[in-house]
Novice: 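Provided herewith is a single structure, encoded as structure tokens, for subsequent inquiry.
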Amino acid sequence: MRSRSEVDLPPPLLTVQELAVLLSTSSSGIYSRVARGQIPGALRIGRSLRFDPRVIAEWLSANKASAGGLP
């Protein structure tokens, strides 16, 4: 049996504010993009939104590739 410290836990979920900093936008911009379905993997926990950083990383990578590698 593996100890608790050996368990492979997923990375912590990002908050709206953390994602806003990552994307250089506002929290309200994140909420409106989620409402329009433009940001994948939004998880509602109670009244809060959280984002899986792995899903966000894949999404950003795919968008970068489709934009020809431009930031």
Side-chain angles (χ1 to χ4, degrees):
M1 187 165 152
R2 292 167 41 171
S3 72
R4 184 168 172 82
S5 63
E6 294 176 340
V7 175
D8 294 327
L9 296 174
L13 299 174
L14 298 170
T15 65
V16 170
Q17 292 78 15
E18 291 168 336
L19 186 59
V21 169
L22 180 67
L23 299 180
S24 299
T25 191
S26 65
S27 295
S28 61
I30 298 296
Y31 285 113
S32 64
R33 288 183 179 122
V34 168
R36 292 191 304 260
Q38 295 176 330
I39 298 178
L43 304 167
R44 184 155 304 276
I45 301 174
R47 294 178 60 188
S48 302
L49 282 177
R50 296 290 188 268
F51 302 88
D52 186 328
R54 297 169 296 189
V55 173
I56 297 299
E58 290 175 15
W59 172 64
L60 291 174
S61 179
N63 282 337
K64 183 177 177 182
S66 68
L70 298 176

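Computed from heavy atoms alone, side chains included, the values below leave out hydrogens, waters and symmetry copies.
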Novice: Can you give me the closest heavy-atom contact between Ala20 and Ser27, atom names plus distance?
Specialist: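 Residues Ala20 and Ser27, closest heavy atoms: CB-N, 3.9 Å.
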Novice: Got Val34 and Val16 here, is their nearest side-chain heavy-atom distance under 4.5 Å?
Specialist: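 No; the side chains remain at least 4.5 Å from each other.
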Novice: With sequence neighbours excluded, tell me which residues meet salt bridge (charged side-chain N to carboxylate O under 4.0 Å, His left out) with Arg54.
Specialist: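 Salt bridge (charged side-chain N to carboxylate O under 4.0 Å, His left out) list for Arg54, sorted by chain: Asp52.
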Novice: Shared ILVMFWY cluster between Val21 and Leu14, side chains joined below 4.5 angstrom?
Specialist: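 No.
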Novice: Is there any salt bridge (Lys or Arg N to Asp or Glu O under 4.0 Å) pair reaching into residues 13-29, and which pairs are they, with sequence neighbours excluded?
Specialist: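 Found none.
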Novice: Nearest heavy-atom pair of Phe51 and Thr15: which atoms, and what distance?
Specialist: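 Distance-wise, the nearest heavy atoms are CD1-O, 4.2 Å.
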Novice: If you look at every heavy atom in Arg44 and Gly46, which pair is closest and at what distance?
Specialist: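 Answer, listing the atom of Arg44 first, then Gly46: CG-O, 3.2 Å.
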Novice: Are Leu19 and Leu49 packed together at the side-chain level, in the sense that at least one heavy-atom pair is separated by less than 4.5 angstrom?
Specialist: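 A side-chain contact under 4.5 Å is absent here.
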Novice: Can you list everything that forms a side-chain contact (heavy atoms from CB on, under 4.5 Å) with Arg47? Sequence neighbours excluded, please.
Specialist: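 side-chain contact (heavy atoms from CB on, under 4.5 Å) check on Arg47 returns nothing, list empty.
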Novice: What distance do Arg33 atom CZ and Leu23 atom CG have between them, rounded to the nearest 0.5 Å?
Specialist: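 If we round to the nearest 0.5 Å, Arg33:CZ and Leu23:CG are 7.0 Å apart.
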Novice: Are Val55 and Leu43 connected, step by step, through hydrophobic side chains (Ile, Leu, Val, Met, Phe, Trp, Tyr) whose heavy atoms are closer than 4.5 Å?
Specialist: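 No, no single cluster joins them.
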